[in-house]
Amino acid sequence: MKLPKRVTMCEVGTRDGFQIEPDWIPTELKIEVVDRLSATGMPRIEVTSFVSPKAIPALRDAEAVMAGIKRRPGTRYSALVPNDKGAVRAVDAGVDDIHTVVSASESHNLANVNMTIAESLAKLEATAQVAHRAGKPVYSGISCTFGCPFEGDVPLSQLESVVRRLVDLGAKGIGLADTTGMANPAQVSRVLEHLAPRFPNTEWTLHTHDTRAMAIPNILAAMEMGVSHLDASIGGLGGCPFAPGASGNVCTEDLVHCLDAMGIDTGIDLDALIETSRRVQEIVGRVLPGQIVKAGKWTRRYPLPDGVRERIPARA
Ligand code: COA
Ligand code: ZN
């Protein structure tokens with residue numbers, strides 16, 4: 001396999017994950033999770049979102065979370081915004097980077113942000129102006145890149161035109177988001193083969209949901225196409241409340257474990273990440289989808305059953 005030697009992870013659990021949690025997570029616990037994540041060496045954290053509190057009540061404490069976290073040098077803190085109002089709030093709250101959201105599908109965009117794609121892009125133009133005036137880089141995520149739970153296929157030409165507009169607005173990076181886990185590895189490869197040469201200065205991120213157990217295969221396909229920026233959620237939290245059938249993101253510690261096992265550097269302390277995942281399970285009060293928390297790392301060994309050691313033939 002031809003894979004990048006280094007990958008930059010962006011943890012999105014406190015945004016993509018906490019936005020869909022049914023029970024209120026107290027602000028100080030959100031802050032604790034962000035601080036534990038940064039302490040693992042996580043290079044990027046999408047802390048929260050500055051959206052309408054009516055749309056996402058679970059993240060209505062975005063300002064307080066941003067104000068309460070410890071800023072670790074080496075971690076960049078971002079937040080998701082759908083419009084310029086969100087960008088003003090995010091800048092005032094002191095984010096390092098602005099992450100924007102628009103969908104490649106008209107139906108999902110209307111369901112998610114109550115705007116057509118054209119209306120969203122107009123808001124994102126105003127958003128870019130706010131960000132650029134404040135000197136904040138913009139990274140633009142595109143929901144339903146690989147398919148929409150309402151419309152099905154999203155034509156590549158439509159995706160390309162959304163990417164074009166976002167790049168023209170000055171996006172430093174584009175996040176290709178598989179919002180409801182509809183992508184497959186061959187498709188991820190095809191989409192990147194089409195887009196990457198057309199936008200040579202763009203940093204690509206793959207944002208996956210493991211709804212159909214294809215997140216890691218999709219990530220490997222993207223990495224083979226040169227993608228080295230990946231979003232993931234601690235424990236496998238996550239999901240868009242406005243996309244039916246949505247479920248958790250690829251689990252951060254499972255993905256970092258997979259990358260570690262392949263010798264790919266993330267700069268993250270996997271043991272600290274696993275501990276953080278255990279703490280997040282405690283906070284949300286249920287067992288999360290992550291596998292490594294349950295199985296342990298691949299280096300885990302068990303004691304031999306009685307009487308076996310003596311019967312193992314000597315190696316030639
Ligand atoms: N932050 C806080 N409040 C906001 C806001 C923002 N970024 N953007 C708009 N609002 C407020 C408006 O001021 C207005 O408040 P009021 O009712 O007190 O006057 C209210 O929200 C409605 O504003 P309007 O512009 O009419 O928006 P809307 O009701 O059509 O909703 C969005 C549009 C984009 C604000 C809303 O759909 C949203 O926040 N969606 C986010 C969805 C999301 O996060 N999905 C998951 C992540 S992919
Ligand atoms: Zn997502």
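Atoms within a ligand are numbered from 1 in the order they appear, just like the ligands themselves.
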- Note on the structure: In short, Leu59 meets Arg15 closest at the heavy-atom pair CD1-O, 3.9 Å
- Looking at CD of Glu11 and CZ of Arg44, how far apart are the two atoms once the value is rounded to the nearest 0.5 Å? 13.5 Å
Pairs under 3.5 Å, nitrogen or oxygen of ligand 1 with protein nitrogen or oxygen:
residue  : atom   : partner : partner atom : Å
ligand 1 : 1 (N)  : Val51   : O            : 3.1
ligand 1 : 1 (N)  : Arg89   : NH1          : 2.8
ligand 1 : 7 (N)  : Phe50   : O            : 3.1
ligand 1 : 7 (N)  : Asn83   : OD1          : 3.0
ligand 1 : 7 (N)  : Gly86   : N            : 3.2
ligand 1 : 8 (N)  : Asn83   : ND2          : 2.9
ligand 1 : 13 (O) : Lys85   : NZ           : 2.8
ligand 1 : 17 (O) : Lys54   : NZ           : 2.8
ligand 1 : 30 (O) : Asn114  : ND2          : 2.7
ligand 1 : 39 (O) : Ser52   : N            : 2.8
ligand 1 : 40 (N) : Asn112  : O            : 3.4
ligand 1 : 45 (N) : Asn112  : OD1          : 2.8

- Item | Shortest-distance N, O or S atom of Asp16 relative to the Zn ion (ligand 2) | OD2
- Message: Can a donor-acceptor pair be found, under 3.5 Å and without considering hydrogens, that links the side chain of Glu151 to the backbone of Ser107?
- Response: yes
- Message: Checking Thr180 against Thr211 for the side-chain hydrogen bond (donor to acceptor under 3.5 Å, both in side chains) test, could you report, in this order, the C-alpha distance in whole Å, the side-chain angles of both residues, the deciding distance, and whether it holds?
- Response: CA-CA 6 Å; Thr180 59; Thr211 313; over 6 Å; no
- Query: Is the Zn ion (ligand 2) less than 2.8 Å from at least one N/O/S atom of Cys240?
  - Reply: no
- Determine, stepwise, if the pair Glu275 / Arg278 fulfils salt bridge (charged side-chain N to carboxylate O under 4.0 Å, His left out). CA-CA 5 Å; Glu275 269 319 299; Arg278 291 214 171 88; 2.8 Å; yes
- Message: Please check this pair: side chain of Gln187 against backbone of Asn184, looking for a donor-acceptor N/O pair closer than 3.5 Å.
- Response: yes
- Return yes when at least one N/O/S atom of Asp231 is nearer than 2.8 Å to the Zn ion (ligand 2), and no when none is. no
- Evaluate the side-chain hydrogen bond (donor to acceptor under 3.5 Å, both in side chains) criterion for residues Thr208 and Asn218: first the C-alpha distance (whole Å), next the side-chain angles of each, then the deciding distance (0.1 Å), finally the verdict. CA-CA 8 Å; Thr208 51; Asn218 288 334; over 6 Å; no
